[in-house]
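Right, one structure below, let's go through it.
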Number of protein chains: 2
Amino acid sequence: MHSFTEENYLKSIYHLLLSKDSATTNEIAAAIGTKAATVTDMLKKLAEKKLINYARYQGVSLTEQGRKSALVIVRKHRLWEYFLVEKLQFKWDEVHEMAEELEHITSVKLIDRLDEFMGCPRFDPHGDPIPDAQGNFKQHESLQPALLLSKGQCAKIAGVTDHSASFLQYLEKSRLTLGQTITVTEVSNYDLSVMVEPSNKEFNISHEVAKNILVLL
Amino acid sequence: MHSFTEENYLKSIYHLLLSKDSATTNEIAAAIGTKAATVTDMLKKLAEKKLINYARYQGVSLTEQGRKSALVIVRKHRLWEYFLVEKLQFKWDEVHEMAEELEHITSVKLIDRLDEFMGCPRFDPHGDPIPDAQGNFKQHESLQPALLLSKGQCAKIAGVTDHSASFLQYLEKSRLTLGQTITVTEVSNYDLSVMVEPSNKEFNISHEVAKNILVLL
DNA sequence: TCATAAATTTAGACTAATCTAAATTTAATA
DNA sequence: TATTAAATTTAGATTAGTCTAAATTTATGA
């Protein structure tokens with residue numbers, strides 16, 4: 001089993017590797033909120049345990065074993081988030097910190113029972129896919145940033161790329177929550193105007209916001 | 001907030017103080033599974049933080065603040081055990097280790113929501129009382145060891161004093177679970193014979209076992 | 001391509017929690 | 001009460017994870 005700290009490193013590296021194929025010491029330090037020197041020490045330890053591929057100054061990637069371990073943590077995190085929102089009625093912007101602790105509860109049997117108890121959900125409250133017990137998961141097909149929509153297009157909100165509480169609260173206030181259908185009524189250089197259904201209220205959202213909302217046509 | 005380790009010390013001291021009014025260094029070491037020297041260091045730290053009353057060589061007791069902190073941990077432990085048994089279908093002998101981890105999840109809001117979600121249970125799966133958010137709880141009135149029953153008496157199983165998995169499994173196999181009604185049909189020097197309802201099967205249980213089963217008349 | 005900036009690593013130190021071994025205090029009893 | 005045994009504490013060391021400051025490597029661009 002891995003320590004609490006090792007798990008956090010694996011998880012952070014996993015997330016960094018979603019958008020590139022090598023993560024740097026500084027990026028990891030920023031993600032974890034620690035110093036580069038500390039990261040270097042931990043990278044040596046994780047390499048020793050064959051959880052990452054590491055060569056000095058060259059950045060890191062996960063080994064197959066490391067990826068598996070990371071996916072277990074991601075699975076736990078997302079299932080607990082689902083539990084907190086669906087069973088304990090927390091808002092989607094409140095659950096991250098709690099899930100950061102709960103994801104380190106070791107029992108695999110517990111997480112499998114929790115999964116079953118909730119009906120094996122495939123997506124967490126932010127639209128992120130929940131890996132199954134084998135680490136397999138499917139992202140929504142054809143998910144794209146709302147920014148790419150053109151005038152007249154209609155789409156359903158299915159995810160976000162910014163998970164910060166402030167962004168999620170902004171969306172909540174604007175009724176731009178998961179599952180919501182939006183229609184683009186206007187596109188300018190500065191923002192999109194969208195019609196939110198079923199409330200049928202019109203709305204402007206900035207490029208920055210539209211970039212971080214993921215939709216399905 | 002207290003560290004994971006500090007919480008374990010407070011919890012162990014709390015449990016030791018249930019049957020006496022001072023806990024010794026060695027008792028704490030045995031309860032936690034560590035060495036006496038280690039305990040001494042931690043006792044100094046807890047005393048520094050005003051969580052325990054400590055004088056060298058004299059044993060320890062909890063301060064009001066220490067007791068409050070211990071009760072929060074006991075509350076968390078027992079609510080999680082209830083959740084694991086009632087919602088996730090674990091057996092009463094399987095939940096202890098998981099609850100030992102879950103009890104350290106910090107969020108108080110989470111535990112209060114969990115409490116509410118489960119309908120504010122007053123007793124955990126072993127019959128132990130669950131403190132409320134203020135740390136108040138009521139033990140069953142007139143709870144007594146089954147050992148004290150005399151021939152012909154009828155009583156309901158409402159708790160255990162031995163929480164080990166092996167004891168709980170033994171009881172499970174013998175249908176001697178919480179809520180079960182038993183009638184004493186015979187008392188010898190070596191054991192009690194009891195009639196278990198509603199299965200109406202007769203049974204012998206040793207003094208040692210009868211001592212660790214708590215019943216209500 | 002060479003100087004410099006940025007990124008990374010190494011060296012050395014710190015803290016929390018732990019240990020063993022030795023010293024001290026308390027308790028038990030002859 | 002004096003001796004010895006048991007319990008407890010102190011002293012000094014260890015490990016995991018962290019830090020700062022200095023040294024090294026890589027990348028940039030004049």
Side-chain angles (χ1 to χ4, degrees), chain A residues 1-14 16-17 19-62 66 69-70 73 100-101 103-106, chain B residues 1-14 16-17 19-62 66 69-70 73 100-101 103-106:
Chain A
M1 206 34 48
H2 315 120
S3 74
F4 189 101
T5 308
E6 287 169 348
E7 291 193 343
N8 281 335
Y9 276 82
L10 289 174
K11 184 185 55 167
S12 292
I13 295 168
Y14 173 83
L16 287 168
L17 293 178
S19 54
K20 43 223 287 307
D21 46 38
S22 170
T24 71
T25 302
N26 267 354
E27 287 167 346
I28 297 167
I32 289 182
T34 185
K35 297 301 166 78
T38 308
V39 173
T40 299
D41 286 343
M42 182 56 72
L43 293 184
K44 287 183 197 162
K45 191 173 163 191
L46 293 174
E48 190 78 23
K49 294 192 174 190
K50 309 227 191 274
L51 295 165
I52 60 171
N53 304 116
Y54 171 62
R56 271 151 79 256
Y57 297 104
Q58 304 306 307
V60 300
S61 61
L62 291 169
S69 297
I73 305 160
E100 290 281 296
E101 290 184 49
E103 71 191 4
H104 301 292
I105 299 297
T106 52
Chain B
M1 206 33 50
H2 315 121
S3 74
F4 189 101
T5 308
E6 287 169 348
E7 290 192 345
N8 281 335
Y9 276 82
L10 289 174
K11 184 185 56 165
S12 292
I13 294 168
Y14 173 82
L16 288 168
L17 292 178
S19 55
K20 43 223 287 307
D21 46 38
S22 172
T24 71
T25 302
N26 268 354
E27 286 167 346
I28 298 167
I32 289 182
T34 185
K35 296 301 165 78
T38 309
V39 173
T40 298
D41 285 345
M42 183 55 72
L43 294 183
K44 287 183 196 162
K45 191 173 163 191
L46 294 174
E48 190 79 24
K49 294 193 174 189
K50 307 226 192 276
L51 295 165
I52 61 170
N53 305 115
Y54 171 61
R56 271 152 78 256
Y57 297 102
Q58 304 306 305
V60 301
S61 60
L62 291 169
S69 297
I73 305 161
E100 290 281 296
E101 290 184 49
E103 71 190 5
H104 301 291
I105 300 296
T106 52

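Predicted model only: the values in this text are computed from it and were never measured. Chain naming here is simple, since letters A, B, ... match the order of the sequence lines and numbering starts at 1 in each.
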* **Heavy-atom donor-acceptor pair, B/Glu7 side chain to B/Ile73 backbone, under 3.5 Å** => no
* To do: Taking all non-hydrogen atoms of both residues into account, name the closest pair between B/Glu100 and B/His104 and its distance.
  => O-CD2, 3.0 Å
* Where the side chain of B/Glu27 meets the backbone of B/Leu16, is there a donor-acceptor pair that is under 3.5 Å apart? -> no
* According to a strict under-4.0 Å criterion, is A/Arg56 in side-chain N/O contact with OP1 or OP2 of D/dT26? -> no
* Counting just side-chain N and O atoms, does B/Tyr57 come under 4.0 Å of either OP1 or OP2 of C/dA23? -> no
* To do: Please state whether the phosphate of D/dA6, meaning OP1 or OP2, lies under 4.0 angstrom from any side-chain nitrogen or oxygen of B/Asn26.
  => no
* Below 4.5 Å, heavy atoms only, C-beta onward: do A/Leu51 and A/Ile13 meet side chain to side chain? -> no
* **Closest contact, heavy atoms only, A/Ala36 versus A/Thr25** => O-CG2, 3.5 Å
* **DNA chain D contacts made by residues 30-41 of chain B, counting heavy atoms under 4.0 Å** => B/Ala36, B/Ala37, B/Thr40
* More than 12 non-hydrogen atoms from neighbouring residues, nucleotides or ligands closer than 6.0 Å to NZ on B/Lys50, yes or no? -> no
* To do: Measure from CE on B/Met42 to P on C/dT15 and round the result to the nearest Å.
  => 16 Å
* To do: Could you check whether B/Phe4 gets within reach of a base, just the sugar-phosphate, or nothing at all, counting any heavy atom under 4.0 Å?
  => nothing
* What does A/Tyr9 touch in the nucleic acid at a heavy-atom separation under 4.0 angstrom: a base, only the sugar-phosphate, or nothing? -> sugar-phosphate
* Compare side-chain N and O positions of B/Gln58 against OP1 and OP2 of C/dT25 and report whether any pair is under 4.0 Å apart. => no
* According to a strict under-4.0 Å criterion, is B/Ser3 in side-chain N/O contact with OP1 or OP2 of C/dA16? -> no
* Asked: What is the distance from CG of A/Leu46 to P of C/dT9, rounded to the nearest Å?
  -> 13 Å
